[in-house]
Amino acid sequence: MASIEDVSINDDDQSQVSEDSPEDTVRNERGTSRDGGIHEEDEEMIAHAAAAHQEDEEMIARAAAAHQEDEELFERAAAAQEEDEELFERAASAHQEHEEMIELAAAEHEAEAQEEDEEMIARAAVAQEEDEEMIARAAAAQEEDEDMIARAAEAHQDRVANAEEAQELDHVDYDIAIPSHHSYLDMSLTRVEGYNYWLEGQHVNLYMIPLDVIVIPGQTLPLRIRENTLQFTMIRALLDNRHKTFGAVYLPAEREQVLLGRSWSQCGVTVQIVEVSDDDTREIVLKCKGVQRFKTIATQRGSVLTLHAKVQILADHIPPRLYDSMGRLRDPFKFGSHPSWLYKYHDVYAIMNSIKEEITKYSPLVKVDVAPTQPDMFSYWLISAMPFKFNQRVRMLRENSLVVRLRSQLDHIKELNKFDYCCQLCGTDIVNSRRLVSMSADGPFFVNPAGIAFELITAYSVQHTLARGSPQTKDSWFPGYAWSYLSCLHCDSFLGWKFTAVVEDTQPRLFYGIQRKAVKVLRQSETVTEDNSNTARITRLFYV
């Protein structure tokens, strides 16, 4: 394609050619026409080129726009890629966290599972121990049942063997003065000379020996005092004293408070040493006698672990007899004109007769004929011989009025048929008050080789008890009888002793010595009988 310059040059050439020959003219015309065609073609081509150029520019513009769009798309793609990378990183982080959470969850689950397993193992072990304990308890219960059945069988055999003798006992030919000698002490005792008796209201300083039994005036008190004891020190000091008399006060269980001067009974009894044997440097054996009541005024500690007290002597005023042997008022003019019942109410001898009649009614084997004839000593004998409660005995000992004391004793004796001696621990009835029998004329106090003093209740028949061991006569408190241990059939607590005669034709053939502190006095409606005790369910097999 020719350019514009070429065209302009052709025009000059044409002006020059016009001057040429016709042939040249024709030739020039042809050339001119040809050039005109070419010029048109060139213009068309130029136009086409311009159009193409415009199209190219448009295409360039479009390409630029497309390039710009591509760059924008690229930027967007890059941003999207960055976002994708961030999302991937987040996803990777989330995945890692998820894996960590899974690992933690797995570890926690494993730990919890392990703890649960350990807990289950521990529970299983505890359950196994409980099962073993239950098996052991069941075995122990079975052994106890078997032992209880065996004891019930033994008690039944013992009851069957002795039932006839107990039921037929209507008299006692045993000399009840024999136990009063306390020959079981098996020592040569030396008689202590002298006798101390103080006037009523007199203040006296005495050595004090606390005891876990209630001492009564007129009773014989045997004692074995071992060395390295408070009593041993005081008795040693007392034997060097010219009085040979000490004060006996009741002591509750807490012995350590005695050293502080506490827990003493405010009322006690002066005790005179009658016989003594101190040949053995490790033990002192004594036979003592209760003499007078006293009231403690002040206590004090002495030297070398001794106890002293200032006491006031108490005495009983015995009123004169109001009636003679015929039942007539001795001196009606002296006493004035009052109803006869009023005189009898205050006549201590009439009260004594009423008490003897009541005792004969409810327990004919309690020998009232061996009781003292003096009203005051008779009242003391009742305190030790009758089944009074502990607090009743203490009140009777403290009572200064003889009439009031005897009246109180008469009222209680009238109610004795409603009471039983029951086991101190479980409440099972042991002795009916009608089964009492007198087996010692001089008080129910005895002491064993270990130096422990016991106060006994003697009865010819008991129930719900079991004798243990073979009978033996050594150290027997009742010569002519062999002793064996006696326990409660219900709770197996120690109650006392069973005494069986070893001499023929001795009545009773057997009897029981129950220690007072092992039983309590309850109304018959309050005692544990065969209908409401666990033992009865087994013993009923043998007793019915």
Side-chain angles (χ1 to χ4, degrees), residues 1-140:
M1 185 177 60
S3 61
I4 298 175
E5 295 179 354
D6 292 337
V7 175
S8 62
I9 294 175
N10 289 334
D11 289 341
D12 293 337
D13 290 340
Q14 187 177 1
S15 63
Q16 292 177 2
V17 170
S18 61
E19 294 179 1
D20 293 336
S21 64
E23 291 177 359
D24 292 332
T25 304
V26 173
R27 196 178 294 119
N28 289 336
E29 287 177 358
R30 287 179 183 175
T32 303
S33 62
R34 244 187 337 264
D35 291 336
I38 291 170
H39 181 72
E40 289 177 358
E41 289 177 0
D42 291 337
E43 288 179 354
E44 289 177 0
M45 290 178 67
I46 291 169
H48 285 300
H53 179 70
Q54 187 176 359
E55 289 179 356
D56 291 337
E57 289 181 351
E58 289 178 356
M59 290 179 65
I60 291 170
R62 290 175 184 172
H67 179 70
Q68 187 175 358
E69 291 178 357
D70 291 338
E71 289 181 351
E72 291 178 356
L73 288 173
F74 179 76
E75 291 178 356
R76 291 177 184 174
Q81 185 178 3
E82 291 179 357
E83 291 178 355
D84 292 338
E85 290 177 354
E86 290 179 357
L87 289 172
F88 178 76
E89 290 178 357
R90 292 177 183 174
S93 177
H95 178 69
Q96 186 176 359
E97 291 178 355
H98 182 65
E99 289 181 349
E100 291 177 355
M101 291 178 65
I102 291 173
E103 291 177 358
L104 291 174
E108 291 178 356
H109 178 70
E110 184 178 358
E112 291 177 356
Q114 185 176 0
E115 289 179 358
E116 291 178 356
D117 293 339
E118 291 177 354
E119 289 180 358
M120 290 180 66
I121 293 172
R123 291 175 185 174
V126 172
Q128 184 178 1
E129 290 179 359
E130 291 178 353
D131 293 339
E132 292 176 355
E133 288 180 359
M134 290 180 66
I135 293 172
R137 290 176 185 174

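Here the structure is a predicted model, which means the values were calculated and not measured.
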## Note on the structure
Taken to the nearest 0.5 Å, the spacing of R76 CZ from E69 CD works out to 9.0 Å

### Query
Nearest 0.5 Å, what's the CD-CG distance between Q114 and D117?
7.5 Å

### Query
How far does CZ of R90 sit from CD of Q96, to the nearest 0.5 angstrom?
16.0 Å

### Query
So do the side chains of E89 and S93 get within less than 4.5 Å of each other, counting heavy atoms only?
no

### Task
State the CD-CZ distance between E130 and R137, to the nearest 0.5 angstrom.
8.5 Å

### Message
For E72, is the CD atom crowded, meaning more than 12 foreign heavy atoms sit under 6.0 Å from it?
### Response
yes

### Query
To the nearest 0.5 Å, how far apart are CD in Q81 and CG in L87?
12.0 Å

